[in-house]
There are 2 protein chains.
Amino acid sequence: MHATYLYKGLSQDEAETLQAALPDERTIGILSDFFGVFADSTRLRILWFLSHKELRVADLAALVGMQQSAVSHQLKTLRLQRLVKFRREGTTIHYSLDDDHVRHIFDVALAHIREGQLP
Amino acid sequence: MHATYLYKGLSQDEAETLQAALPDERTIGILSDFFGVFADSTRLRILWFLSHKELRVADLAALVGMQQSAVSHQLKTLRLQRLVKFRREGTTIHYSLDDDHVRHIFDVALAHIREGQLP
DNA sequence: GCAGTATGTGAACATATATTCATATAGATG
DNA sequence: CATCTATATGAATATATGTTCACATACTGC
């Protein structure tokens with residue numbers, strides 16, 4: 001009779017080294033939340049528009065063809081992730097991109113997608 | 001009496017130009033699906049492990065502490081997005097990263113996250 | 001302060017998605 | 001061919017998430 005091993009193609013040491021190098025749970029969570037922001041077509045379109053021009057909420061809603069409320073909810077998500085900033089002017093609020101990493105992320109993702117033959 | 005305008009801070013022309021430059025629905029969908037892959041902590045951990053070493057399914061399951069079935073389902077998602085490749089060796093299947101864009105995407109995202117003071 | 005306008009937000013609802021369980025498939029071995 | 005092992009997959013379930021509706025909040029001008 002022998003012990004059943006947890007890993008088949010890995011030594012216990014290798015496994016522990018791999019796990020030790022893994023970013024902690026908190027960091028992983030922050031990362032997945034960050035990517036989650038880009039995983040929605042409405043938010044992508046909002047970010048796209050904002051990458052071209054500062055826009056007020058009502059105009060964003062008209063551009064993406066959704067209710068102002070829906071856009072407000074999405075802008076909140078984008079604010080929490082620090083991807084957009086805003087300035088108030090009277091009662092209207094103007095949003096703009098807070099981060100040129102957004103553009104960079106887009107570029108990298110597009111490059112990846114263009115490489116594979118599309119499904 | 002006058003028409004009610006769709007846009008408040010935008011001419012009709014500006015709005016149409018913005019919308020014309022927007023990537024088509026299909027591209028937006030592909031992009032959001034692509035980002036969605038990274039929007040899950042299990043998949044992020046799988047990708048992380050694979051970025052260090054080629055691994056068989058059973059070992060991946062042990063490393064992430066989940067059932068083999070769950071890992072298989074996630075690997076399918078990763079395969080569909082062409083982020084991992086695999087080779088068969090007898091009955092076992094070894095997975096590895098298919099794309100160094102993954103590493104690049106990680107770097108950009110981490111850079112963004114490190115800039116803001118974490119919540 | 002009141003009315004009007006722009007934006008934000010909570011609750012409800014519908015849909016998407018991750019995980020588990022049970023089982024199917026594929027290859028190896030006797 | 002029967003059995004064993006590794007992986008894949010379909011159905012069921014639980015949870016997360018996006019949108020809408022109704023209303024709250026914030027500012028302006030009278």
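The sequence lines fix the lettering, A, B, ..., with proteins before strands; numbering per chain opens at 1. Atoms considered below: every heavy atom in the structure, side chains included; atoms not considered: hydrogens, waters and symmetry mates.
Contacts between residues 44-53 of chain B and DNA chain C, defined by a heavy-atom separation under 4.0 Å, are absent.
Note that the CZ atom of B/Arg88 and the CZ atom of B/Arg56 stand 13.0 Å from one another [nearest 0.5 Å].
If you check distances only, the side chain of A/Gln68 does reach the base of C/dG8 with a donor-acceptor pair under 3.5 Å. B/Ser69 contributes no side-chain N or O that forms a donor-acceptor pair with the base of C/dT19 under 3.5 Å. Contact annotation: side chain of B/His73 to base of C/dT20, donor-acceptor pair present below 3.5 Å.
Between A/Gln68 and A/Ser72, the side chains place a donor N or O and an acceptor N or O closer than 3.5 Å (distance only, hydrogens not considered).
Between the NZ atom of B/Lys76 and the P atom of C/dA24 there is a distance of 17 Å, given to the nearest Å. Here C/dT17 presents its C1' atom at 17 Å from CG of B/Leu75, a figure rounded to the nearest Å. Put simply, CD on A/Gln67 is 15 Å from P on C/dG8, counting in whole angstrom units. Counting to the nearest Å, the C1' atom of C/dT5 and the CZ atom of A/Arg88 are 12 Å from each other. To the nearest angstrom, P of D/dT7 lies 8 Å from NE2 of B/His94.
Closest-nucleotide positions on DNA chain D for A/Thr77 and A/Gly90 were compared, and the one nearer the 5' end corresponds to A/Thr77. Residues A/Glu89 and A/Ser41 each lie close to DNA chain D; by heavy-atom proximity, the contact nearer the 5' end of the strand is made by A/Ser41.
Relative orientation of the B/Phe35 and A/Phe35 rings is parallel, given thresholds of 30° and 60° on the angle between their planes. The aromatic rings of B/Phe38 and B/Phe34 stand perpendicular to each other, their planes meeting at an angle above 60°, with 30° marking the opposite boundary.
Residue A/Phe86 is out of contact with every strand shown, counting any heavy-atom pair closer than 4.0 Å. Using a 4.0 Å heavy-atom distance criterion, B/Thr92 is classed as a sugar-phosphate-only contact. Among the protein residues, A/Ala58 comes within range of the sugar-phosphate backbone only, with heavy atoms under 4.0 Å from sugar or phosphate atoms but none that close to a base.
At least one side-chain nitrogen or oxygen of B/Ser72 sits closer than 4.0 Å to the OP1 or OP2 atom of D/dA8.
Residue A/Gln74 places its side chain closer to D/dG18 than to any other of D/dG18, C/dG8, C/dA28.
For A/Arg43 (side chain) and A/Gly36 (main-chain N/O), a donor-acceptor pair under 3.5 Å exists by modelled atom type.
Contact record, B/Asp59 with A/Lys8: OD1-N, 2.7 Å, taken as the closest heavy-atom pair.
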